[in-house]
A.B. asks: 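What follows is a single structure, and I will ask about it in a moment.
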Amino acid sequence: MILSLGFATLLSLMRVATAQSSTATSSAPTATSTVSLNMAAKAAGKLYFGSATDNPELTDTAYLTILNDTAMFGQLTPANSMKWDAIEPEQNVFNFTGGDQIVALAEQTGKIMRGHNLVWYSQLPDWVAYGNWTPETLTSVIQTHVTTEVSHYKGKIYAWDVINEPFNDNGTFRTDVFYNTLNSSYISIALNAAHAADPDAMLYINEYNLEYSGPKIDAMVQLVTDLKAAGTPIDGIGIESHFILGEVSASELQANMEALTALGVDVAITELDDRIELPATDADLEQQKADYETIVGVCMAVSGCVGVTVWDYTDKYSWIPSSFPGYGEACPWDENLVRKPAYDGIAMAFTSY
Ligand SMILES: *[C@@H]1O[C@H](CO)[C@@H](O)[C@H](O)[C@H]1NC(C)=O
Ligand SMILES: *[C@@H]1O[C@H](CO)[C@@H](O)[C@H](O)[C@H]1NC(C)=O
Ligand SMILES: *[C@@H]1O[C@H](CO)[C@@H](O)[C@H](O)[C@H]1NC(C)=O
Ligand SMILES: *[C@@H]1O[C@H](CO)[C@@H](O)[C@H](O)[C@H]1NC(C)=O
């Protein structure tokens, strides 16, 4: 016990020493590509390369200068300001201030929008999550929320994540207020309401851990099959793509995308990042470059994969360190807004065809 504690302490001291000396004597490798990523994505036949962003970040001029560049980013996803708790914090009280700011920025800088998201178990206000609903009253709550939000943004949203994260990893439906009250019928209730409010918007279901084979992708394939058979509007599946360094399977990712596109829906990489156990070494950053090239390369190989969105472009505003303690440096730009080798990986994937 004492020995192993001593060894662990020694190891962590060595890691600190290594990290310090590498910062002191050399700088981390950076990107060399001169390609702009949205321009490269479009030249390759994709619709966009985009980024998530969040309202508080828009006061950061250096951050915004890069985000504004249309050659670099052709699409935005609001990280928080279109979620239920932001849009309808009290029943029938709607607040579009934050969402409107991001839509205006997209319009002014020549980008399309992914709307994110309409029905999700999380960031759900208590009045919904803990309401005493019947199937009829909750149906009405979902229809009012979806209809009001989609109508407000009609014509301004390329694609909506109508349903977010409906499945457990074992492929069963997540038991939240929606499922517990309405079973899976809540999904078609929301999709039908969204379609009626903006018939031109692409309607998506967005989910994580669809990047690997297993019960979750099988359940999603079954759900899309059932929705299509019932004539419910469904246009795409968002494959979130929150990867862990070195855990990308190109063959499984491609097979899963193709299983979905074979059913007549698009797919998109909607929340891409690739987290590293800290401290990140130069070798880790090279592996991350390879991972990004592989992931974007799979989207390139699947014609129904319409675009790639990173879940924010810079480590400065990544959700990873707070959500996965001990991990970080998941994005293609570092926390000083300097392009990492991962940037070259993305550029290579978009330009090798
Ligand atoms: C980014 O674009 C918006 C919209 O055109 C503009 O208001 C803002 O000043 C720009 N910011 C920077 C830093 O370029
Ligand atoms: C609406 O949302 C904005 C942005 O989050 C917030 O600053 C504002 O206080 C909200 N308005 C109301 C009336 O709650
Ligand atoms: C599937 O996963 C959920 C969430 O972890 C769990 O509650 C449920 O019991 C699991 N069901 C089966 C059949 O394993
Ligand atoms: C699901 O819930 C709806 C609404 O209550 C109901 O009409 C339907 O019969 C249920 N379906 C199943 C399979 O339980």
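All figures in this text were calculated on a predicted structure; none of them were measured in a lab. Whatever order the structure lists them in is the order used to number ligands and atoms, beginning at 1. Worth knowing before you read on, the calculation uses all heavy atoms, side chains too, and leaves out hydrogens, waters and symmetry mates.
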A.B. asks: Taking the six-membered ring for Trp and the full ring for Phe, Tyr or His, determine whether the centres of Tyr292 and Phe243 are under 6.0 Å apart.
C.D. replies: no
A.B. asks: Does Lys111 make a cation-pi contact with Tyr158 (under 6.0 Å, within 45 degrees of the axis)?
C.D. replies: no
A.B. asks: Heavy-atom contacts under 4.0 Å between Leu105 and ligand 1: side chain, backbone, both, or neither?
C.D. replies: side chain
A.B. asks: Can you run down the side chain to side chain donor-acceptor pair (under 3.5 Å) pairs that involve residues 37-52, sequence neighbours left out, and say none if there aren't any?
C.D. replies: none
A.B. asks: Of all the heavy-atom pairs spanning Ala201 and Ile157, show the shortest one and how long it is.
C.D. replies: CB-O, 3.9 Å
A.B. asks: If we only count heavy atoms from C-beta on, is the Pro166 to Tyr179 side-chain gap below 4.5 Å?
C.D. replies: no
A.B. asks: Is the distance between the ring centroids of Tyr186 and Trp133 less than 6.0 Å?
C.D. replies: no
A.B. asks: Could you tell me which atoms of ligand 1, counted from 1 in the order shown, lie closer than 4.0 angstrom to a heavy atom of Thr109?
C.D. replies: 2 (O)
A.B. asks: What side chain to side chain donor-acceptor pair (under 3.5 Å) pairs are there with at least one residue in residues 98-108, not counting sequence neighbours?
C.D. replies: Asn55-Gln101, Asp100-His152, Asp100-Tyr153
A.B. asks: What residues, two or more places apart in sequence or in another chain, satisfy side chain to side chain contact (heavy atoms under 4.5 Å, CB included) together with Ser249?
C.D. replies: Ser251, Glu252
A.B. asks: Could you tell me which atoms of ligand 2, counted from 1 in the order shown, lie closer than 4.0 angstrom to a heavy atom of Asn95?
C.D. replies: 1 (C), 2 (O), 3 (C), 8 (C), 10 (C), 11 (N), 12 (C), 14 (O)
A.B. asks: Tabulate distances under 3.5 Å between N/O atoms of ligand 3 and N/O atoms of the protein, writing both atom names on each line.
C.D. replies:
residue	atom	partner	partner atom	Å
ligand 3	2 (O)	Asn170	OD1	3.4
ligand 3	2 (O)	Asn170	ND2	2.3
ligand 3	11 (N)	Asn170	ND2	2.9
ligand 3	14 (O)	Asn170	ND2	3.2

A.B. asks: Should you measure from each heavy atom of Gln108, which atoms of ligand 1 turn up under 4.0 Å away?
C.D. replies: 4 (C), 5 (O)
A.B. asks: Test your reading of the structure: does Thr61 have an N or O sitting under 3.5 Å from an N or O of ligand 1?
C.D. replies: no
